[in-house]
Amino acid sequence: MIEDRGFIIHQGAIPADAQERLVADIRAVAAAAPFFSPETRGGRRMSVRMTSAGRYGWFSDRRGYRYVERHPSGVPWPPIPESVLALWRTYGSRARDPDCCLVNYYGAGAKMGLHRDADEADFSWPVLSISLGDPARFRMGGPERSDPSRSIPLESGDVVVIGGAARLSYHGIDRIAFGGSRLLPKGGRINLTLRVVD
Ligand code: MD3
Ligand code: FE
C-alpha cells in the first residue's frame, strides 16, 4: 500500500479469479448499456469508450460533461455489480454505496487527457479506481493544471483510492501497453471508477 496525500495505491489487490469475475460482470453491464465514445465540448470524439452502471452514468456532448440517469439509448443504467460494490466497501467507504460506476475501455492508442473530476456534489467522498487488463501509465498532477505531474504504472488488479487533498488533482492516462495482459482476449484496458454523485 502506497499512500501520498490522499492518493492510495493497493497494488495487486484483486486476485486473478476475482478479476475474471469482474470482467464477466462488466460484459453483462455493456450488453445492457453498450459502450459509446462521448463527444467533448469541442465536438471531438474521445478515444476512450465508456458506459456506466448505477443510479447515474457519466455523459458528455457539446453541452458539456454531466451525470445523467439514462444511457444514450434511453434505457436506465444497469445496477452496479456486487463484485464491484464489494471492492468499494473494502477500499472506498462502508458509510454508503456509490451512485455511479463509470466503465472506461482503452483500445490500442486510447488515452485520457489531463482533467479534474469535479462534477460531483461532495468532494469529501473518495473516488475508487479499479484497473483490469493491459498495463497503463497514469499521470498524477496537482490542484492546478500547471502543477508538476508524475507518471505511475497501473496494472490489472490494482485498486486506487483518491481522497483528501488528491481528490481535486489533475490526472490522466498517458498510454496503455496494448496486449500487455491476457485478461481481455482482444486486448485493451478497462478502468472502473466508483463515485458518489449527489
Ligand atoms: C485522481 N479515469 O474516469 S482512474 C476518469 O484510468 C479517469 O480510466 C482514469 O480519470 C482511468 O475520470 C484514471 C484514477 C483516478 C480517478 C479519479 C480521480 C484518479 C483520480 C479523481 C481525482 C484525482
Ligand atoms: Fe478522472
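Keep in mind the model is a prediction, meaning the values are calculated, not measured. Numbering of ligands and ligand atoms starts at 1, following listing order.
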Proximal heteroatom of Asp117 relative to the Fe ion (ligand 2) (N/O/S): OD1

Closest protein heavy atom (residue, atom, distance) for atom 2 (N) of ligand 1: Asn104 OD1, 3.6 Å

Carboxylate-amine/guanidinium contact Asp17 Arg21, below 4.0 Å: no

Proximity flag Val160 to ligand 1, non-hydrogen atoms under 4.0 Å: no

Under-4.0 Å heavy-atom contact with ligand 1, by part of Leu102 that carries it: side chain

Test side-chain hydrogen bond (donor to acceptor under 3.5 Å, both in side chains) applied to His10 - qualifying residues, sequence neighbours left out: none

Asp117, any N or O under 3.5 Å of ligand 1 N or O: yes

Glu155 atom CD: more than 12 heavy-atom contacts under 6.0 Å: no

Exam field: side chain Asp158 to backbone Gly12, donor-acceptor pair closer than 3.5 Å: yes

Residue, atom name and distance, where the atom is the protein heavy atom closest to atom 21 (C) of ligand 1: His171 CE1, 3.3 Å

Angle subtended at the Fe ion (ligand 2) by His115 NE2 and His171 NE2, rounded to 10 degrees: 90°

Same cluster (ILVMFWY, side-chain, under 4.5 Å), Phe36 and Tyr105: no

Ligand 1 contacted by Arg116 (non-hydrogen, < 4.0 Å): no

Mode of Arg189 contact toward ligand 1 - side chain, backbone, both, neither (heavy atoms, under 4.0 Å): side chain

Any Phe7 heavy atom less than 4.0 Å to ligand 1: no

Approximate separation, where rounding is to 0.5 Å, of Ile152 CD1 and Arg137 CZ: 9.0 Å

Ligand 1-proximal atoms of Met50, by part, heavy-atom distance under 4.0 Å: neither

For Met112, atoms of ligand 1 separated by under 4.0 Å from a heavy atom: 2 (N), 5 (C), 7 (C), 10 (O)

Atom indices of ligand 1 within 4.0 angstrom of Ala166 heavy atoms, with elements: 22 (C), 23 (C)

Test of proximity, Asn191 against ligand 1: N or O pairs below 3.5 Å: yes

Atom 9 (C) of ligand 1: nearest protein contact (heavy atom, Å): Tyr106 OH, 3.7 Å

Side-chain donor-acceptor pair present, Tyr67, Asp198, cut-off under 3.5 Å: no

Within-4.5 Å side-chain heavy-atom neighbours: Leu85 and Pro98: yes

Test item, Lys111 contacting ligand 1 (heavy atom, 4.0 angstrom): no

Candidate with minimal heavy-atom separation from atom 4 (S) of ligand 1, of Gly6, Gly141, Ser129: Ser129

Evaluation steps, side chain to side chain donor-acceptor pair (under 3.5 Å), between Arg45 and Ser37: CA-CA 6 Å; Arg45 291 269 162 214; Ser37 306; over 6 Å; no

Numbering as shown, the atoms of ligand 1 that approach Arg195 to under 4.0 Å (heavy-atom distance): 3 (O), 5 (C), 12 (O)

Neighbour count >12 (heavy atoms, 6.0 Å) for atom CZ, Arg175: no

Residue part near ligand 1, for Trp58, under 4.0 Å between non-hydrogen atoms: neither

Contact with ligand 1 for Tyr170, non-hydrogen, under 4.0 angstrom: no

Heavy-atom nearest neighbour in the protein, as seen from atom 13 (C) of ligand 1, with distance rounded to 0.1 Å: Phe138 CE1, 3.7 Å

For atom 22 (C) of ligand 1, the protein heavy atom that lies nearest, with its residue and separation: Arg167 O, 3.1 Å

Side chain proximity check, Trp88 to Asp97, heavy atoms < 4.5 angstrom: yes

Over 12 non-hydrogen atoms of neighbours within 6.0 angstrom of CZ in Arg27: no

Pairs flagged by ring pair (Phe, Tyr, Trp, His ring centres under 6.0 Å) wherever residues 113-143 is involved - sequence neighbours left out: Phe7-Phe138, His115-His171

Nearest candidate to atom 16 (C) of ligand 1, where distance is taken over non-hydrogen atoms, out of Ile130, Ile162, Leu154, Ile173: Ile162

Result of checking Ser181, Ser156, Ser83, Ser131 against Gln19 for side chain to side chain donor-acceptor pair (under 3.5 Å): Ser156

